[in-house]
Every structure is written in C-alpha cells, then in structure tokens.
Amino acid sequence: MRRYLFILLVLVSILSFSFNVKSIIIFPEKPYFTVDVWLDKPEGSVYNVGERIEIFVKSSRDAYILVYDINAQGKVTLIFPNKYESDNFVRANEIKKIPSRSTYSLRVSPPYGKEYIQVIASTTPIPIFKELKELGTTQMFPTLSDNVEEYVQKRLKPYLTGEWVSDITYFYVGRAPAFGTLIVDSDPPGMTVYVDGSYRGKTPITMTVDEGTHYVTVYFENYTFYKEVYVGENQTVRVVARLPFAKLSLSSSPSGADVYINGDYRGKTPLTLNLSPGNYSLTFRKEGYREETRYITLGEGESRSIHIDLKPLRATLRLRTDPVGVDVYMDGRYAGTTSESGLTIVLDPGTYSIRLEKEGYETDSFTVNLKAGEEKEVFRRLEEKVVFSEVRIETQPSGATVYLNGYYHGETPITIYVQTGTYEITIVKPGYRTIVKTVTFDEKEEYFKFILSRIE
C-alpha cells in the first residue's frame, strides 16, 4: 500500500508564531563547494494544500546530505534521510530526487505562508548527521523542533564541522505574495552571492524576490560583505559590494618577470593589482634568474610598491686535468688546484679567461662561456715543458764532425740547441782519433773544447 507524507500537519493561525528569517540562514564561513536544492516548480511558486511536491538536490562534491522543512510557523521537520530512503550519500554532480521511490510521496499541508526547504551537505559523516540519520530512519518524518530559531542556531549549526555547505529554497502554501526585484553587484564583478542563505551565482545578478527583508552575503577571496535590505512590492533594490582594495605595484630588474600571487599567475612586471586586504605570497620567476618569493600583509586601502632585483642563476664549472695538482687562475685570480676529482667552481653566467699552470708543464690558456644554470665539465691535458740547453763545441784542430746520440749535427766550431738531458757526443775527423764522451746538459749554457790527437 502506498503511503503519503503530509509535511505540515496542524493548522494554526499564522499570526500565532513568527520567526526572524535571518535566524534560519545557515552557511559556513567559507564555501568549500556548492550544493543546490530546488523544487518541481520554480522558486517562489504557490502550492495548494494537498498538492504533491518533489525536491531535488545536487552537490558539486561527493557528500552526505540532510534535508529538512521549515513551515510558516517555524516547525522543523526532517525530510531526508527517512524510513523509506536511508542512504544519504550522493555522488558529485548527480541529481538526487526526493522522493525517488513510489513507496511514498510528499504533499503540501497548512499552515499557509512561506515555507523553506533547506539542505546541508558535508564531505564527511559528522556526528550530527549520524544522529539525525538514525532519528529519520526510525521515526516517520520526525519533528526536530517547533522553534526553528533555537534549533538552527543552538542545536544544529554549532555541531557542523569540517567542510560543509548549505542551500535553501522556498515556496508558498495557498497564496502568492507580492514581489520586487533585487540586484546584487560588486566591484570587482564575479563575487559569490548568497541571498537568504541560498547560493545565487556570481555578481552581477538580478533576481525576483518576495516583498520583505532579505539578507545578502557576498564572498570574494578573504573578503565577506553582508547587508540586510527591504524589497517592497514592485520595487527594485540594488546592492553593491565594493571591496576595500589595497593597491600593490610590482616591478623587477630586469623587467618581464612572471608574477604569482598565492600560487596563481597574475601577469608580468611591471604590474599593478588591486587586492583585498590579507596575507599574500609573491613569487617572481624569469628564465635564467633565481626565483624570488616575498610574504606580505596588505591592509585596507593600503598602497604598496615592491621592487625585486633578480639574481642570475649561477653556473657550475668542473675542471679536470692531466696531470692533477694544476693551479687554476680565472680572469687572473687564483681559483684553486685540481685534485683527482677535479676542481668545481660556482660562477655567475658569463665568459671567463682560464689559465692552468704546473711546474714542469706548459701553461694552458683558454676561455669558457657559461650560461645561467649551466653545469659544464672541461678536461685539459697539459704538455710537459721542453727545456733546451745551448751547447758550444770546439775542437783543435777545427773542422771535426759532431754527432749527438749518433745523429750528425755539423762541424766544429758549432753551437747547437738541444733538450736538457744526457747525450753521447762523438767527435770524428780523418787522421785523428775519434772521441766519444757522455755528458749531461741542463738549462745553463754548456761549452766543450776537445783537443784531437793524430793517428800515428
């Protein structure tokens, strides 16, 4: 047998109780995500007593939801979860219809007047959700309270924790009210708007509202704007949220650095921005230069200029030599001595003149160009230094042929230049005895005079 739920059961004079709409508005300090609730008729429509009503909910994230009704007298009735549908978990961006089964239906009952449907969504099953779920699945659409102000502000809102959001919609039982127009704008545009606790979109936005007092909340980054406005019949009321900007001017040397504020790209230097008061991290990035970050706090109406001298990314040069133990000079200044692992030098980008010196080896000079952030390795092999001796050889009589280590060099008197070292000198002249002598030449000048003996 099909069962029917009449949400509002007792007809009591609408004048016997009234509540402040502001007291039932419930939303977090920060909208972590969005949840939307709507009915099978446009918001603000009239439902007759006994007419069926359907509720729809959509969350932008996976969430657990609660849905309750607030009638014109302030009575709070839990609608979902219930005995017929106990699973209150919804998937992101999927539309949940209540009721979704044919085993029950929701019908409108007195009292006449404005009635609200509110949804609360949480990413985690917080204790208050568990408690209400157990209540809703054991009782038939239980009454949570006859005093909505006390219930929402004292028994519900204080126990909402973690990442949660809410939304609210309304309809009229029995008769239509008078309407007016509410325009919500902002400077800058694009702020998030809630009216009477219901998400309405981004500024600028124009909406039709019923005659009476309405509660406008506008969010922008760290800034929250709130205002109560009265909209009369056929009246148009405009609300403008003007952000108390702080002016921030950013420059860098060199210019053209990418600027990130709290991780978001905002442009290239030089750059002037209007920001809401608060704490910010400023990051400057430019290819070939070291990243720079500054942390600042901007006050309301403050103007501040920040200039950053960007430092080039340094380069790394690793010199290896054969042999090791080579003294390294860069642009004429001693920079170190190579070891088995070489010599590592960190430098600014640029071109450098390098000179390598080691006793007994030829000096090696070259240039190297280093780019920002580059890691370059250079290997150089030094040649052993060649030292010559000046050798003067004379004979008596002259005209003798001179050989060094068996190689002909000329006839005496003769001056020759040879590498330092040990040599065998051979003196040959026909009719005279051959002279063979071993000598060692060093870097100083050498002089030899040989007296030749005739062969008898």
Side-chain angles (χ1 to χ4, degrees), residues 246-273 275 278-298 302-388 419-420 443:
K247 184 177 181 180
L248 180 63
S249 298
L250 303 173
S251 60
S252 66
S253 295
S255 61
D258 293 329
V259 177
Y260 293 82
I261 297 183
N262 291 346
D264 296 325
Y265 175 74
R266 300 300 292 268
K268 294 180 179 292
T269 57
L271 181 66
T272 299
L273 298 169
L275 300 174
N279 299 318
Y280 295 93
S281 66
L282 314 177
T283 302
F284 300 78
R285 296 174 185 164
K286 186 174 177 66
E287 186 176 357
Y289 292 84
R290 282 186 283 180
E291 180 179 296
E292 299 285 346
T293 299
R294 299 289 186 273
Y295 298 93
I296 64 170
T297 299
L298 294 176
E302 181 180 1
S303 293
R304 187 182 301 189
S305 296
I306 295 177
H307 179 81
I308 299 294
D309 289 315
L310 296 173
K311 297 177 177 60
L313 283 173
R314 306 200 79 188
T316 301
L317 174 65
R318 182 166 176 252
L319 278 171
R320 295 191 305 110
T321 60
D322 181 19
V324 298
V326 175
D327 293 331
V328 179
Y329 296 84
M330 304 195 69
D331 291 341
R333 294 184 178 183
Y334 173 74
T337 301
T338 61
S339 64
E340 291 291 342
S341 60
L343 174 66
T344 300
I345 310 170
V346 178
L347 301 160
D348 290 330
T351 300
Y352 294 88
S353 297
I354 300 177
R355 187 175 76 252
L356 306 180
E357 294 183 355
K358 182 177 175 67
E359 186 176 354
Y361 291 84
E362 297 289 345
T363 297
D364 183 16
S365 297
F366 59 96
T367 60
V368 63
N369 180 263
L370 299 175
K371 298 178 181 178
E374 182 179 13
E375 295 184 4
K376 179 175 286 189
E377 182 174 301
V378 175
F379 174 78
R380 306 290 288 193
R381 178 175 283 109
L382 275 63
E383 300 292 337
E384 290 192 55
K385 185 181 292 184
V386 178
V387 181
F388 290 91
Q419 294 184 27
T420 56
E443 295 183 45

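- The CD1 atom of Ile261 sits 9.5 Å away from atom OG1 of Thr283, with the distance rounded to the nearest 0.5 Å.
- When each of Thr338, Asp327, Thr337 is tested with Thr321 by the rule side chain to side chain donor-acceptor pair (under 3.5 Å), just one qualifies, namely Thr338.
- Taking both residues in full, the closest heavy atoms of Asp348 and Tyr352 are given as O-OH, 2.7 Å, listed atom of the first, atom of the second, then distance.
- A donor-acceptor distance shorter than 3.5 angstrom exists from the side chain of Arg304 to the backbone of Thr297, with no hydrogens or angles considered.
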query: Which is it for Arg266 and Leu250 under the side-chain contact (heavy atoms from CB on, under 4.5 Å) test, yes or no, and what are the steps along the way?
result: CA-CA 11 Å; Arg266 300 300 292 268; Leu250 303 173; over 6 Å; no
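- In this structure, CG on Leu313 lies 12.0 Å from NZ on Lys286, to the nearest 0.5 angstrom.
- Checked by atom type and distance alone, the side chain of Thr367 never pairs as donor or acceptor with a backbone atom of Ser353 at under 3.5 Å.
- A pairwise comparison of heavy atoms in Lys371 and Pro349 identifies C-CB, 4.1 Å as the closest pair.
- Across all their heavy atoms, Ser251 and His307 have their closest contact at OG-ND1, 2.9 Å.
- Annotation: the span from Lys311 atom NZ to Arg290 atom CZ amounts to 6.0 Å, rounded to 0.5 Å.
- Residues that satisfy the salt bridge (Lys or Arg N to Asp or Glu O under 4.0 Å) test with Lys376, not counting sequence neighbours, are Glu374.
- Residue Arg320 holds its CZ atom at 10.5 Å from CD of Glu340, rounded to the nearest 0.5 Å.
- By the side-chain contact (heavy atoms from CB on, under 4.5 Å) test, Pro270 pairs with Ser255, sequence neighbours left out.
- In this structure, Glu359 CD and Lys385 NZ are separated by 7.5 Å, a value rounded to the nearest 0.5 Å.
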message: Between Arg381 and Asp322, does the salt bridge (charged side-chain N to carboxylate O under 4.0 Å, His left out) criterion hold? Intermediate values first, please.
response: CA-CA 5 Å; Arg381 178 175 283 109; Asp322 181 19; 3.1 Å; yes
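- Closest approach of Glu384 to Tyr361, counting heavy atoms only: CG-CE2, 3.4 Å.
- Within 6.0 Å of atom OH in Tyr295, 12 or fewer heavy atoms from other residues, nucleotides or ligands are found, so the atom counts as exposed in its surroundings.
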- request: Might you work through the side-chain contact (heavy atoms from CB on, under 4.5 Å) test for Val324 and Ser339, ending with a clear yes or no?
  value: CA-CA 5 Å; Val324 298; Ser339 64; 5.8 Å; no
message: Please determine whether side-chain contact (heavy atoms from CB on, under 4.5 Å) holds for the pair Phe366 and Leu356, giving the CA-CA distance in whole Å, both sets of side-chain angles, and the decisive distance to 0.1 Å.
response: CA-CA 9 Å; Phe366 59 96; Leu356 306 180; 3.9 Å; yes
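- Contact record, Asp309 with Ser253: OD1-CB, 3.5 Å, taken as the closest heavy-atom pair.
- Considering CG of Leu273 and CG of Leu298, their distance stands at 10.0 Å, rounded to 0.5 Å.
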task: Begin with the C-alpha distance, continue with both residues' side-chain angles, and end with the deciding distance and a verdict on side-chain contact (heavy atoms from CB on, under 4.5 Å) for Leu317 and Ile354.
output: CA-CA 11 Å; Leu317 174 65; Ile354 300 177; 3.8 Å; yes
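- Summarising the geometry of Arg380 relative to Ser365, their closest heavy-atom pair is NH2-O, 4.3 Å, with the distance given to 0.1 Å.
- Between Leu319 and Val326, every side-chain heavy-atom pair lies at or beyond the 4.5 Å cut-off.
- Between the Arg294 side chain and the Phe284 main chain, no donor and acceptor come within less than 3.5 Å of each other.
- Residues Thr344 and Thr316 have side chains in contact (heavy-atom distance under 4.5 Å, counting atoms from C-beta outward).
- Contact check for Pro323 versus Lys358: side-chain heavy atoms found under the 4.5 Å cut-off.
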